[in-house]
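We use all heavy atoms of the structure for the numbers below, so side chains are in, but hydrogens, waters and symmetry mates are not.
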Amino acid sequence: MGVRAALPRYELYLYTAVLGGALIWAGSWIFDASSVNVNRRAFRDSVKPGWHYFGRKMDVADFEWMMWFSTFRNHILFALTGHVIFAKVFTLLAPKHRSLVFGAYGGLAVLVTMGWSFMGLVLSHCLLLYSTALLKRKWLCFAAGLASLASIKLEPYNTWQESLVTGSFALQDVLFYGGCGFTIMRCMSYALENCDKKDGNYTFSDLLRYNFYLPFFFFGPIMTFDRFHTQVNNTQLTRKDREMWNITTRALVHLGVILLVDVFFHYLYILTIPSDMNLVTKLSDWCLAGLAYSNLVYDWVKSAVMFGVINTVATLDHLDPPQPPKCITMLYVFAETHFDRGINDWLCRYVYDYIGGEHDNVFKEFLATFCTFSITTLWLGPCQLVYIWSFFNCFGLNFELWVAKFFSLPPFSVIEGAMGEAMSRRIRGVFNAANFWTIVLYNVLALNNLEFAKLVGRRLIFKGFPFSSLSVLLVTYCGVQLVKEKERQDALLGDAQPPKPADGGKEKAE
């Protein structure tokens, strides 16, 4: 049934109250568990003294968050600020050559940070895929790209390549695997786009300018070559009304979220608690559900903020980078589940949509998802946990299509057509609520550990049945209906907006 099916306002108010109360209730359980066990021996390495103002210890278990916004914050800010200054100056002086300046500054920054050996290694990957791209055979480009990716993900090839990089500093491993991994994915995008270019080839210089754009180099997100090449070579550099105001607002919002997350880490040890299985087994079902949900929400917040900071810099460069991922709270279908929109866009463009077509054929969908998650497994680094994560998410994506196909047949389609749209939305919401928790359980094992995911599944599905299972499902159903209501309003708002004028609206030169 259509997304525009409305529910009574009092019903939505009831859903809001139930969801809000449940979140506060689960949060109180996590707060109690954090406060009571703050001096626990297992917490010693990941719970450290926090801000003096709070007088409490802080959860510092996430290396990535601490690296970006505490330990190496000044280094990252220095590099990105330098890029912004150089980009701004040369955009004003020589807009036709700004892509060259982007690449030159990025290449110099990488060279100074990582040294000649790393630079040579990155250039060798670029040269291999550039040579393959000249043959204009997509299967060869995929073969060469996946072989290069495997060489930095599998032993003993990754250890050998890492040994080529001299020196030693705290971020070396992170920058090495991030720089090499994203380089290979970008080079594959370049090669595949070159295969589709009918007149001649893109140059090696185009590849280097694309790859060494500093904001994207080490940490992503990946912007496909076709989009980057078109935007970076655009010399008509204009900004829409209030665009700089919006950029400034987003930057301030990111800063506010960073501070808010750090405050939460003083009271809710959502990252440390799941690592102590002796403690986790003693927690209530509501506390476990809250931990599983909050870990996925936090991972989304982290991705949104980290990519948001980078995207702010890219937007200042007149680029339209991949947007942050969709919030886990808004997800109730596997088809929209991802935590890195850049990788998701890359996989959809070159693998998932290319093979799956309209995604209405069961066999094509299976083949598309199998190939997509095979590449994703290689990208994440093959191991038992990644194999399990890939299998269940691949199964979930296919199972959604199987269920949709099954219920589109008579008599189910006839029954749904006979009932009202509001009732259809309620029934679909029940299935969506169950699907939401399969998404949570399938992904929390990748964020925490397999034992924690198994324990949450057992407690919520088996040991907690019927009270815990049905109460959590009820709360999730309320959340799903609120999400559907937002989608309904967004759809109506989109229909109500007048068409844009031919000139694209007011713009101003920067």
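Looking only at side-chain heavy atoms (C-beta outward), His359 and Leu401 stay at 4.5 Å or farther from each other. Between Val456 and Leu460 there is a side-chain heavy-atom pair separated by less than 4.5 Å. Between Asp276 and Thr272, every side-chain heavy-atom pair lies at or beyond the 4.5 Å cut-off. Contact of the Ser35 side chain with the Phe31 side chain is registered, since non-hydrogen atoms from C-beta on lie closer than 4.5 Å. Residues Leu7 and Tyr15 form a side-chain contact, since some pair of their non-hydrogen atoms from C-beta on lies under 4.5 Å apart. Using a 4.5 Å heavy-atom cutoff, the side chains of Thr476 and Gln481 are not in contact. Between Thr224 and Tyr350, the closest side-chain pair of non-hydrogen atoms falls below 4.5 Å. Between Pro322 and Phe307, every side-chain heavy-atom pair lies at or beyond the 4.5 Å cut-off.
Not less than 6.0 angstrom separates the ring centroid of Trp402 from the ring centroid of Phe407. Taking the six-membered ring for Trp and the full ring otherwise, Phe412 and Phe406 have centroids separated by under 6.0 Å. Aromatic rings of Trp160 and Tyr157 (six-membered ring for Trp) have centroids beyond the 6.0 Å cut-off, not under it.
A salt bridge is absent between Arg9 and Glu485: the closest approach of a Lys/Arg side-chain nitrogen to an acidic carboxylate oxygen does not fall below 4.0 angstrom. The residues Glu358 and Lys364 are annotated as not salt-bridged, no charged nitrogen and carboxylate oxygen being separated by less than 4.0 angstrom. A salt bridge between Arg349 and Asp226 is present, with a side-chain N of the basic residue lying under 4.0 Å from a carboxylate O of the acidic one.
If you check the side chains of Tyr177 and Glu162, you find a donor sitting under 3.5 Å from an acceptor. No hydrogens or angles considered: a donor-acceptor pair under 3.5 Å links the side chains of Thr377 and Ser390.
Sorted by first and then second residue, the pairs that involve residues 147-156 and meet side-chain hydrogen bond (donor to acceptor under 3.5 Å, both in side chains), not counting sequence neighbours, are Ser151-Gln161, Glu155-Thr159.
Test Trp346, Tyr213, Phe212 against Phe228 for ring pair (Phe, Tyr, Trp, His ring centres under 6.0 Å) and you get one pass: Tyr213.
For Phe392, the ring pair (Phe, Tyr, Trp, His ring centres under 6.0 Å) partners two or more places apart in sequence, or in a different chain, are Tyr442.
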